[in-house]
Protein chains: 2
Amino acid sequence: MTSADTPRSGQPKSRLSRDIVLAKALELVDAEGLEALSMRRLGLELGRDPMSLYRYAQNRAALLDGVAELVLDDLSIEPSDPDWKAQLRKIAHGLRRQALRHPNAVPLLVTRPLSTPLGLRPLGTLRPLEQILSLLVAAGFEPADALHVYRAYYGFLYGHILNELQEFVVDPEENEALLRLGLHRLPAKDFPWLRALAPALAEYDGEAELEQGLAILLSGLEAQLTRQTAGSGA
Amino acid sequence: MTSADTPRSGQPKSRLSRDIVLAKALELVDAEGLEALSMRRLGLELGRDPMSLYRYAQNRAALLDGVAELVLDDLSIEPSDPDWKAQLRKIAHGLRRQALRHPNAVPLLVTRPLSTPLGLRPLGTLRPLEQILSLLVAAGFEPADALHVYRAYYGFLYGHILNELQEFVVDPEENEALLRLGLHRLPAKDFPWLRALAPALAEYDGEAELEQGLAILLSGLEAQLTRQTAGSGA
DNA sequence: ACCACGATGTCTACACTGTAGACTTTACCC
DNA sequence: GGGTAAAGTCTACAGTGTAGACATCGTGGT
């Protein structure tokens, strides 16, 4: 036999590792969507028997969790930034960027946590939460209030991402055409505004929209903070 | 043979209909989760051959869309309410209620739209959008701004729902115990705040939280409105 | 050099999935 | 009654996740 087996595809048969598996999985999801990520397909992509994957993830579900973790791990948070609002803005844009980079993985980010009790989630998923709490407490919020702020903030952020991805239609170029085409199908009688707003929908600027929403929310939250530290000046 | 065939389960074999199929599907999802909803299982539940379902939904995917639509159809929106903020609050609480009533279906609400271009979605899914736009325009927003407001509002709303369901842990009674148990597992060194906030997490009041976030957001949005109608008073 | 042992990868098999296509049964109208 | 379209069924195929037994590899000790 030749020196390299050159299996169906992929590398010349070095040892596998969790990172390699997850990376390939994410690659596959990015390229062909979540449905394409089956154990067999991933095995084929790695030039290995599908069963070998179970050494690196207990389940398909666990594998999906791993992929989600991988996407989130690219977020860098600095919990000691004195300008908490700026830091939250930075994080928000970072997450948005990841979402746009891996749109097919977004359902995972949003959906997997729903099936796992908070405390049992992969640590990578919990770290942002912890770090943001720390950031907020350092900024002067009472711990309990930090939790409220976190919820308002992260809620808005996830919501925005879902919104943006829904409108963007993952398809790259023919965006506008597709969008208008779709809207054109709507009965004009029942959907006058949606149809009228088709051009506006096509010009959607997610980044600006996010920034604007954050501005409203963060200044509102800040108002709470000053009101509170002024009021209960123990 | 006896007068009634009494199949595996369900009714005595009357005619099927889309509504019946979808209702049973939602029932099944509520009871056993999304994964339990297979064509074969649903067929069995209805006492019919699985293949008969394809008369009422082209696909399994279409069936899932139908279930999502069913959940959303319970929302009632009054686009002519003069108090737009109150109306938006009412809608928000309505959606939250549906989400808590059908937690297993929430991934559908959040995920299905991601795989369908906006204009091609089931009309039931688009109606809320249209109605809210109409509400906002009636309240004095420029159409384009109405779209921005809608996005900020719906983004926040969906985000909140995801947040709340994540923390609530669908399991009914042993909530607090489970939660604490989970958190207790976290390394105290890396997750001090999360652990410290375990009690606060257990007391999560989703309704109040939603109300508070909405208050911040809506008053911020209203400020935009007054600023705008005052400024460009043509 | 050899052997042994634990980690890594493979094979086989089972129960289950969605759904295409041809078929049978049912309900209803003239 | 006869005809026709809809509703329901049957069979079959290609694909899925994964348990359990097995083979192979890499690295340690002696």
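Only this structure's heavy atoms are used, side chains among them; waters, hydrogens and symmetry mates stay out. Chain identifiers are assigned alphabetically (A, B, ...) following the order of the sequence lines, protein sequences preceding nucleic acid strands; residue numbering begins at 1 within each chain.
If you take CG of A:Leu44 and P of D:dG17, they are 13 Å apart, rounded to a whole angstrom. Atoms CZ (A:Arg48) and P (C:dA7) sit 19 Å apart, rounded to a whole Å. In this entry the distance linking CG of B:Asn59 with P of C:dG18 reads 11 Å, nearest Å. Note: CG (B:Leu63) to P (C:dG18) measures 10 Å, nearest angstrom. Straight-line distance from the CG atom of A:Leu46 to the P atom of C:dG9: 10 Å, rounded to whole Å. Rounded to whole Å, atom C1' of C:dT8 lies 13 Å from atom CD1 of A:Ile20. Protein atom CD of B:Glu32 is 14 Å distant from nucleotide atom P of C:dC16, rounded to whole Å. As rounded to whole Å, 13 Å separates atom P of C:dA20 from atom CG of B:Leu53.
In summary, A:Arg127 and A:Glu130 do not engage in a salt bridge, as defined by a charged side-chain N under 4.0 Å from a carboxylate O. A salt bridge links A:Glu209 with B:Arg151; the closest basic N to acidic carboxylate O contact falls under 4.0 Å.
Under the ring-ring contact (aromatic ring centres under 6.0 Å, His included) criterion, B:Tyr158 pairs with B:Tyr154, sequence neighbours left out.
At the phosphate of C:dT8, neither OP1 nor OP2 sits under 4.0 Å from any side-chain N or O atom of A:Tyr54.
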Original post:
For nucleotides 10-16 of chain D, read 5' to 3', which letter fits each nucleotide if B means a protein heavy atom sits under 4.0 Å from the base, S means only the sugar-phosphate is that close, and - means neither?
Top reply: B-B---B

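Considering A:Asn104, A:Leu108, A:Leu70 in turn, A:Leu70 is the only one that fulfils the side chain to side chain contact (heavy atoms under 4.5 Å, CB included) rule with A:Leu26.
Distances from the side chain of B:Tyr56 to the nucleotides C:dT19, C:dG9, D:dA7 place D:dA7 closest.
With B:Arg48 contributing its side chain and B:Leu53 its backbone, the two residues share no donor-acceptor pair below 3.5 Å. One N or O on the side chain of A:Ser115 and one on the backbone of A:Arg112 form a donor-acceptor pair closer than 3.5 Å.
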